[in-house]
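Single-structure report; data block below.
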Amino acid sequence: MSKLILIDGNSLANRAFYALPPLSNSSGLHTNAVYGFTTMLLKLLEEQQPTHFLVAFDAGKVTFRHKDYAEYKGGRAKTPPELSEQFPLLRDLIRAFGMAQFELEGYEADDIIGTLTRIADEKGDIEVIVVTGDKDMLQLVSDRVKIALTRKGITEVELYDKALIEEKYGLKPHQIIDLKGLMGDASDNIPGIPGVGEKTALKLLHEYESVEGVLENAAQLKGKMKEKVEQHADEARMSKELATIYREVPLTTQWEELAYSGYEGQALAGMFRKLEFKSLLEKMDFSGGDSAEAGREQASIEAAVVGEDDMAELVGILPQVTALHVEAAGDNPHNAEMIGLALYTEAKCYYVPFERLQEGTAEAEAVKAWLQSSDKALAVYDQHRAEILLAWRGIHLRGTEFDVHLAAYLLDPTESALTLNGLTVKYGLPALKADEDVFGKGAKFQIPALDVLCDYLCRKAAAIHQLTEPMKRDLEESGMHQLFYGLEQPLASVLAAMEEKGIEVDTEALKQYGEELGSQLETIMHSIYDAAGMEFNINSPKQLGEVLFEKLQLPTVKKTKTGYSTDAEVLEKLEPYHPVIGHILHFRTLSKLQSTYVEGLLKEVRKDTGKVHTYYRQTIAATGRLSSQYPNLQNIPIRLEEGRKIRRVFVPSKPGWSILTADYSQIELRVLAHISQDEKLMEAFLHDLDIHTKTAMDVFGVSESQVDSNMRRQAKAVNFGIVYGISDYGLSQNLNITRKEAAQFIEQYFAVFQGVRQYMDDIVRKARQDGYVTTLLQRRRYLPEITASNFNLRSFAERTAMNTPIQGTAADIIKLAMVQMDERLKRDGLRSRMLLQVHDELVFEVPEDEIETMKTAVAEVMENALKLDVPLKVEVDTGSNWYEAK
DNA sequence: ACAGTCACG
DNA sequence: ACGTACGTGACTGTC
């Protein structure tokens with residue numbers, strides 16, 4: 001017996017679209033409907049094992065139903081673009097599944113399906129399952145035909161046969177159209193009889209069988225009901241007609257064309273890769289088939305653990321090694337436990353437990369020398385991390401030519417995982433396990449048996465090798481070749497060196513500061529308990545909320561998902577109401593300093609060196625900035641004097657040396673001036689004016705002497721807003737003014753800085769057109785949500801489109817300066833060392849005799865790192881610690 | 001693991 | 001009308 005599955009394509013696509021959260025691939029295509037559709041198809045194939053398959057689609061805007069009834073489906077919301085753009089993908093997907101698909105101008109999918117079920121009914125010897133979200137289709141149910149109605153979600157369906165319809169409605173399948181004739185259907189704009197809903201309609205049908213039966217017997221009805229039925233008889237007849245599926249569509253399709261014999265793995269895998277359905281790719285087994293190019297099956301690879309006696313063989317094959325992987329346990333490479341190295345050659349892969357390199361044998365030394373030699377071109381995964389790991393063990397890795405991790409970041413900086421496993425999926429390479437699956441996670445972390453470990457790490461090295469060519473191609477295609485080789489890759493080594501060097505912390509001073517904070521906190525804590533009249537955990541927002549808003553009955557300003565908001569903004573508004581508020585604000589400030597900057601920092605100081613070694617993350621921030629961890633040295637307090645004092649504990653590592661800081665002044669606004677070519681803004685920087693004062697003069701239309709501190713403050717906020725991708729709401733929040741006033745400021749700003757307005761308009765348009773924005777150095781960020789119909793998502797993407805080229809170009813510039821400064825220090829044989837980067841600031845430690853040289857050199861390098869049409873300005877300062885150098 | 005809060009540019 | 005300024009990381013409390 002044959003089994004035919006008929007899919008109502010439009011209905012299912014809609015279902016999937018609204019049932020699933022937004023989802024898009026890296027080129028900005030929305031894919032949630034396609035994803036839902038895919039899971040549905042896979043489930044049907046597995047559970048039903050059909051012999052025939054067809055997906056039917058609606059075609060043409062106007063069907064015969066519109067000709068009969070112009071309002072048909074009127075008032076229905078237009079299909080959002082996020083969905084309509086998925087239909088072509090859906091077509092491709094069905095093709096990749098090897099299934100028949102069909103549409104016919106002037107007919108809807110349900111008419112095609114209705115016609116096929118009629119043919120099946122006549123033909124006999126076949127079972128049909130129709131999959132749809134449309135209850136009307138129940139009218140097609142027969143002995144041979146069942147309807148699978150989607151329930152919540154997408155893959156869950158309820159299978160209706162005659163018995164179930166009888167049980168649920170007490171109706172025969174053909175009476176479904178009578179039901180709809182009476183009750184109508186708001187979503188298709190089918191009227192029915194007003195005031196008749198499902199309950200009444202069913203009662204009437206149980207009594208009179210059909211619409212016609214009800215109308216004939218209208219006289220027997222009572223009161224309002226009688227009136228309604230008589231008045232709307234024509235609507236009822238028409239509604240029934242509209243609801244009736246047309247089952248005589250002139251189909252030319254031959255039965256054989258619907259035959260389904262399964263999909264071809266490579267075609268489907270290719271489609272999944274295009275759509276970036278990573279979880280499906282990983283879950284499904286696409287092996288088999290005759291394709292020589294492996295597919296995703298776990299090919300067996302030649303892998304060997306290098307034992308003490310095998311070192312000579314290893315040394316022999318070193319020239320053939322093309323890929324290297326360094327594995328260690330722990331997130332922080334500065335204190336991670338080394339596991340070992342995997343060295344890949346075309347013929348065989350070698351796993352080298354790290355102990356092999358520490359045996360002091362001639363062979364071990366040869367391997368170390370090889371690692372440090374520039375005379376090779378290896379592919380690696382995360383060169384920066386590998387360099388740090390090896391550097392702590394006295395090995396200075398060189399000769400790395402390509403880094404698939406760093407390349408993956410440039411190709412899509414918003415991708416959060418960037419795991420090797422994820423990359424193999426994306427590039428259709430043999431499956432690789434996730435680290436978590438091999439090592440376990442958190443407390444369960446465990447290094448597996450040697451053979452498992454060897455196999456896994458060798459597979460990693462093989463994957464790195466195989467990813468290299470396609471990823472280089474992609475980098476080239478997106479114009480980021482130079483960014484990679486000229487900037488990011490050299491930077492990785494510069495960062496590793498800075499981090500390994502570390503920065504000295506005066507732990508005694510830090511502890512003393514901690515004690516002062518501790519006694520102050522103690523005092524404030526008691527003041528708070530006294531003022532509140534009770535003791536509670538001030539650090540608990542929940543308890544604090546209860547005290548302030550329930551016990552003390554203070555007015556609630558703002559709420560969070562879970563309760564009352566007690567953040568600084570709220571507390572500042574409450575300050576006049578109760579003396580406890582001021583204490584709480586102060587307590588918060590000091591307790592933050594104590595926990596994060598005293599205790600937190602002390603934990604990160606290495607006992608052996610007395611230094612902290614932050615880990616700069618080069619592949620985290622979507623804009624191209626660095627981030628800093630363990631500890632984060634990019635958010636050390638400065639704005640408030642109390643916190644700023646922390647900076648005193650960051651000191652030079654040698655007596656008599658100084659800390660030198662160099663800040664870019666207004667780098668983002670200068671970048672904006674260059675990108676937008678705005679005349680006024682460029683002129684301001686060409687004359688090196690105080691940009692906020694100048695903005696105030698222009699926006700408020702006053703002379704320099706008339707600009708008071710408040711005007712300057714407001715102008716400064718406007719400038720910030722411009723950089724962030726301005727909105728009146730955001731500015732109004734920041735300045736505590738009304739939205740209208742904020743909108744006025746913005747309008748006045750744009751009236752003066754017309755080039756900036758032009759840039760903002762252009763960049764958003766370009767983002768919509770290309771799906772991404774770029775920095776001056778071609779760093780790219782995709783913004784799939786720029787075309788969203790959801791206002792919030794779209795607005796966010798628009799602001800990001802405005803901000804990313806600015807913030808990202810500033811990041812490009814300081815990165816360039818770092819690489820150039822590193823070269824400069826080497827070239828001039830200076831002893832000064834670069835210690836930190838804080839987005840627009842570099843920190844060095846310098847010996848006394850290099851202070852003047854360095855002041856000049858740093859400013860020169862930073863100011864000329866990239867030539868813009870406005871000058872870059874750098875302010876340099878020195879002092880005995882980070883606090884004094886500013 | 002997540003939410004709330006707050007430190008920085 | 002919609003409701004957020006852009007980009008990060010660390011700590012505490014709570015579930």
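Throughout, protein chains are lettered first and strands after them, A, B, ... in sequence-line order, and every chain is numbered starting at 1.
- Under a cut-off of 6.0 angstrom, the local environment of CZ in A/F700 is crowded, with over 12 non-hydrogen atoms contributed by other residues, nucleotides or ligands.
- For A/Y615 and A/H384, the ring centers are positioned less than 6.0 Å apart.
- Side-chain nitrogen and oxygen atoms of A/R617 include none within less than 4.0 Å of the OP1 or OP2 phosphate oxygen of C/dT8.
- Counting non-hydrogen atoms of neighbouring residues, nucleotides and ligands closer than 6.0 angstrom, the NZ atom of A/K716 reaches no more than 12 such neighbours.
- In this structure, of C/dT8, B/dG4, C/dG3, it is B/dG4 that holds the atom nearest to the side chain of A/T562.
- Within a 6.0 Å sphere centred on NZ of A/K766, heavy atoms belonging to other residues, nucleotides or ligands number 12 at most.
- Using modelled atom types and a 3.5 Å distance limit, the side chains of A/E550 and A/Y564 yield a donor-acceptor pair.
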Nucleotide-level pairing of DNA chain C, given in dot-bracket where Watson-Crick and G-U pairs need both distances under 3.5 Å and | marks other strands
.....|||||||||.
Does A/T693 form a side chain to side chain donor-acceptor pair (under 3.5 Å) with A/D690? I'd like the steps, not just the answer.
CA-CA 5 Å; A/T693 303; A/D690 175 326; 3.3 Å; yes
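- The aromatic rings of A/Y529 and A/H526 stand perpendicular to each other, their planes meeting at an angle above 60°, with 30° marking the opposite boundary.
- Atom-to-atom, OH of A/Y615 to P of C/dA10 comes out at 12 Å; the value is rounded to the nearest Å.
- Judged purely by atom type and a 3.5 angstrom limit, A/R647 uses its side chain to pair as donor or acceptor with the backbone of A/P637.
- Looking at heavy-atom distances under 4.0 Å, A/A622 makes contact with sugar-phosphate atoms alone, never a base.
- Residue-level contact check: A/T804 touches neither bases nor backbone, having no heavy atom under 4.0 Å from any strand.
- At whole-Å resolution of the value, CD in A/E604 and P in B/dA7 are 20 Å apart.
- Contact annotation: A/S727 side-chain N/O to C/dA5 OP1/OP2 distance is not under 4.0 Å.
- The existence of a salt bridge linking A/D762 and A/R765 is confirmed by a sub-4.0 Å separation between a basic side-chain nitrogen and an acidic carboxylate oxygen.
- Residue contacts for A/R644: at a heavy-atom cut-off of 4.0 Å it reaches no nucleic acid atom on any strand shown.
- Distances shown here put every side-chain N or O of A/K542 at or beyond 4.0 Å from the OP1 or OP2 atom of C/dG13.
- For the residue pair A/E642 and A/H586, a side-chain donor N or O sits within less than 3.5 Å of a side-chain acceptor on the partner.
- In this structure, A/E642 atom CD and B/dA7 atom P are separated by 10 Å, rounded to whole Å.
- Note on A/N790: nothing from the nucleic acid sits closer than 4.0 angstrom, heavy atoms only.
- Listed nucleotides: C/dC11, B/dA7, C/dG7. Nearest to the side chain of A/T596: C/dC11.
- At whole-Å resolution of the value, CD1 in A/I636 and P in C/dA10 are 11 Å apart.
- Distances were taken from every side-chain heavy atom of A/N792 (C-beta onward) to each of B/dA7, B/dT5, C/dC2; the shortest belongs to C/dC2.
- If you check every strand for non-hydrogen atoms under 4.0 Å, A/S795 touches nothing.
- Stacking here means ring centres nearer than 5.5 Å and ring planes tilted less than 30 degrees, and by that measure A/Y729 stacks onto C/dT4.
- Comparing the same atom, P, in B/dT5 and in C/dT4 gives a spacing of 15 Å after rounding to whole Å.
- Residue A/Y724 places its side chain closer to B/dG9 than to any other of B/dG9, C/dT8, B/dC8.
- A straight line from CD1 of A/I786 to C1' of C/dC6 spans 14 Å, rounded to a whole angstrom.
- As judged by a 4.0 angstrom heavy-atom cut-off over every strand, A/A801 is placed among residues making no nucleic acid contact.
- Atom CG of A/L669 and atom CG of A/N719 lie 5.0 Å apart (nearest 0.5 Å).
- Phosphate proximity of C/dG9 to A/S627: present, with a side-chain N or O under 4.0 Å from OP1 or OP2.
- One finds no side-chain N or O of A/T566 lying less than 4.0 angstrom from the OP1 or OP2 phosphate oxygen of B/dG4.
- With hydrogens and angles ignored, a donor-acceptor pair under 3.5 angstrom links the side chain of A/Q807 to the base of C/dC6.
- Counting non-hydrogen atoms under 4.0 angstrom, A/Q629 reaches the backbone sugars and phosphates but no base.
- Panel note: side chain A/E415, backbone A/Y409; no donor-acceptor pair is recorded below 3.5 Å.
- Checked against C/dT8, B/dG9, C/dC6, the side chain of A/H839 finds its nearest nucleotide in B/dG9.
- Distance check on atom P: B/dG4 versus C/dA5 gives 14 Å, rounded to whole Å.
- The CG-P distance, from A/L731 to C/dG3, rounds to 20 Å in whole Å.
- In this structure, A/R781 atom CZ and C/dG7 atom C1' are separated by 8 Å, rounded to whole Å.
- Near DNA chain C, meaning a heavy atom under 4.0 Å away, the residues from residues 583-595 of chain A are A/K592, A/S595.
- Look at CG on A/L544: it is 14 Å from C1' on B/dC6, rounded to the nearest Å.
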